[in-house]
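Structure, as structure tokens:
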Amino acid sequence: MLNSSKPFEKLVIASHNKGKLKEIAALVTPFGIDVISAGDLGVAEPEETEDSFIGNALLKARASCQATGLPALADDSGLEVMALDRAPGIYSARWAGPERDFYAAMGEIERQMQAKGATDRTARFVCALALVYPDGREAVFEGEVRGQIVAEPRGSHGFGYDPIFVADGQSLTFGELDPAIKHAMSHRADAFAKFVSAILS
Ligand code: IMP
């Protein structure tokens, strides 16, 4: 499915995460686009100082685009728990602390929900994507998957908050589901489908 009207030859992925780079490369290389990681080009990761997923994705994409002179794509994602006024939200990674202890972060979600006497267990994973071109054009896309928070973490697949999230229509957590099933319905899949349809198709 090589696209003759591809919008660029090279795309910088504004992430130092090898897993993300691989996932994004698999998605855009069928369109004849080469991906390079911002880390490999020596671009420093900016501090995420904005107050929204879109804001932080834009900040990262702008930094990579400015440093390299190439179109840059960045993502920012996290979990919003409605009863906690959408926390941990943009702080999802930071709630796990420097040790990246997501069991502590999941425990904290349950502790705060119980402290509030929350009966609403609805939540969503969100993924924002930002594409910034050297001529200043910008495009943003947001994907989501809605579901419920379970009290006890279940399953060992995935990462982050997967063991406490059950997507609508499922009975297993993202930690228990076959990873291919999760990937097909995830907030990232949703955001990337919007990116591909608007930019690459
Ligand atoms: P980012 O890499 O700055 O976008 O951080 C996203 C954080 O949100 C991760 O560290 C996880 O805590 C959480 N998160 C994002 N996507 C997922 C997912 O698919 N499953 C579980 N946790 C996720």
Side-chain angles (χ1 to χ4, degrees), residues 13-24 26-27 37-39 43-64 72-82 84 86-110 112 122-131 140-150 152-168 170 172-195:
I13 309 303
S15 169
H16 292 231
N17 177 325
K18 293 253 181 278
K20 271 189 194 166
L21 186 71
K22 213 171 131 191
E23 214 178 293
I24 298 173
L27 201 101
S37 102
V43 181
E45 248 177 326
E47 215 186 312
E48 297 182 11
T49 51
E50 292 294 325
D51 61 3
S52 67
F53 294 110
I54 294 273
N56 280 327
L58 269 171
L59 174 152
K60 290 186 268 188
R62 284 180 191 141
S64 281
L73 181 71
D75 80 328
D76 198 51
S77 58
L79 176 69
E80 292 184 343
V81 178
M82 299 313 153
L84 302 183
R86 297 179 182 258
I90 57 163
Y91 302 105
S92 293
R94 284 167 268 185
W95 268 38
E99 310 282 308
R100 290 274 174 265
D101 183 351
F102 283 99
Y103 280 86
M106 290 187 282
E108 182 59 17
I109 287 180
E110 188 57 29
Q112 290 197 17
T122 58
R124 65 175 195 148
F125 274 120
V126 181
C127 173
L129 283 177
L131 174 66
V140 294
F141 308 95
E142 194 172 278
E144 66 163 11
V145 55
R146 292 179 172 270
Q148 302 276 328
I149 297 297
V150 295
E152 290 289 330
R154 303 191 322 242
S156 54
H157 293 307
F159 67 100
Y161 298 90
D162 280 342
I164 55 164
F165 185 83
V166 176
D168 287 348
Q170 301 289 321
L172 300 179
T173 67
F174 270 2
E176 295 171 308
L177 270 185
D178 180 332
I181 297 176
K182 176 201 160 181
H183 291 152
M185 68 169 67
S186 79
H187 46 313
R188 249 178 299 283
D190 188 27
F192 275 104
K194 289 173 182 164
F195 163 74

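In listed order, ligands and their atoms are each counted from 1. All residue numbers in this chain count up from 1 along the given sequence.
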For [Y], is there any backbone N or O sitting under 3.5 Å from a side-chain donor or acceptor partner on [X]?
| X | Y | answer |
| --- | --- | --- |
| Lys60 | Ser15 | no |
| Thr122 | Met82 | no |
| Arg100 | Ala93 | yes |

Out of the candidates Lys194, Arg124, Arg86, only one should pair with Glu144 under the salt bridge (Lys or Arg N to Asp or Glu O under 4.0 Å) rule; please name it.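 Of the listed options, the one satisfying the test is Arg124.
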
Would you call Leu79 and Ile149 a side-chain contact if the rule is heavy atoms closer than 4.5 Å?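 Yes, side chains in contact.
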
At a 4.0 angstrom heavy-atom cut-off, what protein residues surround ligand 1?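 Within the 4.0 Å shell of ligand 1, which is judged on heavy atoms, sit Lys20, Glu48, Asp76, Ser77, Gly78, Ser92, Ala93, Phe102, Phe125, Phe159, Gly160, Tyr161, Asp162, Lys182, His187, Arg188.
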
Should the pair Phe102 and Tyr161 be assigned to parallel (<30°), tilted (30 to 60°) or perpendicular (>60°) ring geometry?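 Phe102 vs Tyr161 ring planes: perpendicular.
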
